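Letters A, B, ... mirror the listed sequences (proteins, then strands); counts begin at 1. This structure is a prediction, so every number in the text was calculated from the model and none was measured.
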Amino acid sequence: MSTLRRDRSHGWLGGVCAGIARRYGVDPALVRLAFVIATAAGGAGIALYLLGWLVIPAGDAPGRRRLPTGRGAVEVALGTGLLLLSILLTFRGLGIWFSDAIVWPLVLIASGAALIWRGSAAVRPEPAPEVGVPGASANRPVETPAPVVSVEPRRTAAAVSRTGVGIALVIAAGFAFLQATGALDAARDVGLALIATVVVLGVIFAPWVLRLLRSLTEERSERIRSQERAEVAAHLHDSVLQTLALVQRSDDPQQVAALARRQERELRAWLAGRPAPGQAARLAPALEAAAADVEDNHGVPVEVVVVGDRELDPAVEAVVAAAREAMTNAAKFGGRSTVDVYAECTPGALRVFVRDRGPGFDPAAVPADRRGVRESIVGRMERHGGRARISGAPAGGTEVELVLESER
Amino acid sequence: MRAGPDIRALVAGLAVLALGGVLLLDALGPIDLTFAVIAPVASAAAGAILVANGLSR
């Protein structure tokens with residue numbers, strides 16, 4: 001019991017249910033259901049919850065247990081249901097009871113709501129911005145945003161089944177309540193009137209509603225396609241086009257061959273969905289590797305200082321890719337001055353500054369067909385929920401600031 | 001080194017003991033075993049065994 005803590009970050013009120021679920025590795029919905037049913041059976045749930053709020057300290061429990069899955073989860077759910085049923089029957093036998101017409105429908109509604117809640121959480125699709133190419137440093141191919149159905153059909157089918165059972169339980173609760181209160185006949189008349197109204201309104205408004213739904217679907221698809229195109233364009237700009245530019249400038253056949261081989265390896269890895277050869281897994285080494293690449297390609301020193309570190313995810317990979325592009329621009333147009341890179345990683349945000357001491361430039365004056373700043377830096381950051389700012393550095397030259405706020 | 005107790009067997013044994021206790025009380029007379037009494041006891045026993053089994057997987 002020493003590791004039982006209230007989990008306020010995942011809780012709805014004081015985190016008592018979430019903490020118990022976290023400690024014992026059961027679904028929080030089951031624990032909440034138990035408290036709701038105990039409340040319905042005579043108000044004991046409220047008292048127990050308040051007692052837990054007072055007695056259990058808040059904080060992160062270090063000994064988190066893994067949630068059971070598959071048959072284990074079914075057994076835990078059934079077992080918890082039977083335990084709750086025994087509590088209800090005991091309260092009923094002792095006379096601590098509101099009414100059969102209230103408690104049993106409430107139990108059915110709570111059970112159905114828990115199942116519907118779990119089902120909706122399981123089939124929620126991934127957000128659109130996460131499906132694109134993370135960036136040049138990531139070297140991954142474009143992945144078509146696949147719904148959960150095609151990735152984990154069994155899991156989705158189970159979630160749909162749970163939702164179906166949940167809906168059936170809620171409907172059964174409604175019928176049970178109406179039957180117990182003698183209002184079933186009146187409800188049937190109202191239900192028929194409601195169905196007739198819905199059918200009439202449906203016939204009238206169906207064309208507009210269908211058109212609206214189709215339009216929303218097409219708009220979403222177009223947005224995803226547009227993001228994918230932008231990511232592919234940014235990747236090709238940062239990798240293939242940069243290499244071709246270097247090849248044109250080089251007089252050394254051996255260097256040209258080496259550049260071509262490296263680009264080929266990167267491109268093959270990207271097309272196959274593999275990490276690029278030597279790709280780092282954390283921010284600091286990834287930034288240092290990008291700086292080393294820029295140094296090798298352009299012969300300009302790049303000084304990197306990283307405060308803090310974190311693992312790479314698609315958004316952080318995008319920051320590294322944008323920083324790499326900023327370093328490349330600074331090396332190419334910064335008057336051969338040293339490029340300074342400063343990255344600061346805090347729990348709240350990741351900030352990367354890339355500075356040079358060159359003549360500077362006006363971002364608004366960049367031609368529309370030049371994609372380096374517009375797509376590879378600004379667009380890439382925005383697609384991954386961050387932002388980029390390009391301005392004159394205090395000591396002259398250009399400063400690119402990349403900011404990625406952490407999700408709360 | 002001593003192995004820890006088998007939680008599944010422990011819970012199942014306790015549940016059977018509880019059921020046996022109830023049946024014994026019924027036989028001796030202190031309680032009158034009706035459906036209202038046996039239903040919650042049986043549900044609790046089955047529920048405890050299932051929960052212990054599920055958590056032990």
Side-chain angles (χ1 to χ4, degrees), chain A residues 1 3-4 17 20-35 37-38 40-42 44 61 63-97 100 103-104 107 111 114 118 158, chain B:
Chain A
M1 296 294 284
T3 56
L4 179 58
C17 298
I20 293 171
R22 183 188 176 99
R23 170 64 183 81
Y24 296 104
V26 296
D27 194 325
L30 284 175
V31 185
R32 292 185 181 115
L33 183 64
F35 274 93
I37 290 173
R64 179 174 190 171
R65 292 187 57 157
R66 188 174 55 87
L67 279 173
T69 55
R71 193 172 166 184
V74 174
E75 285 178 355
V76 169
L78 278 177
T80 309
L82 283 173
L83 285 173
L84 293 173
L85 182 66
S86 74
I87 292 171
L88 287 173
L89 290 173
T90 304
F91 279 137
R92 190 171 184 271
L94 295 173
I96 310 169
W97 197 250
D100 282 348
V103 175
W104 296 121
V107 168
S111 308
R118 289 281 296 150
Chain B
M1 183 184 284
R2 281 181 57 192
D6 183 347
I7 298 296
R8 281 186 275 194
L10 187 65
V11 172
L14 289 173
V16 172
L17 272 177
L19 278 173
V22 170
L23 292 171
L24 185 63
L25 288 174
D26 176 54
L28 295 177
I31 63 169
D32 182 21
L33 201 56
T34 61
F35 180 78
V37 174
I38 198 68
V41 175
S43 305
I49 292 169
L50 280 172
V51 169
N53 210 35
L55 291 178
S56 301
R57 280 184 186 279

Item to complete: Start with the C-alpha distance between A:V76 and B:L50, add both sets of side-chain angles, then the distance that settles side-chain contact (heavy atoms from CB on, under 4.5 Å), and finish with yes or no.
Response: CA-CA 6 Å; A:V76 169; B:L50 280 172; over 6 Å; no
Inter-residue atom distance [X].[atom1] - [Y].[atom2], 0.5 Å rounding:
{"X": "B:N53", "Y": "A:L78", "atom1": "CG", "atom2": "CG", "answer": "11.5 Å"}
{"X": "B:I49", "Y": "A:L82", "atom1": "CD1", "atom2": "CG", "answer": "10.0 Å"}
{"X": "B:S43", "Y": "A:L83", "atom1": "OG", "atom2": "CG", "answer": "8.5 Å"}

Worksheet item: Taking A:G93, A:A77, A:G81, A:S86 one by one, which has the highest count of heavy-atom pairs under 4.5 Å against chain B?
Response: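 Between A:G93, A:A77, A:G81, A:S86, the count favours A:S86.
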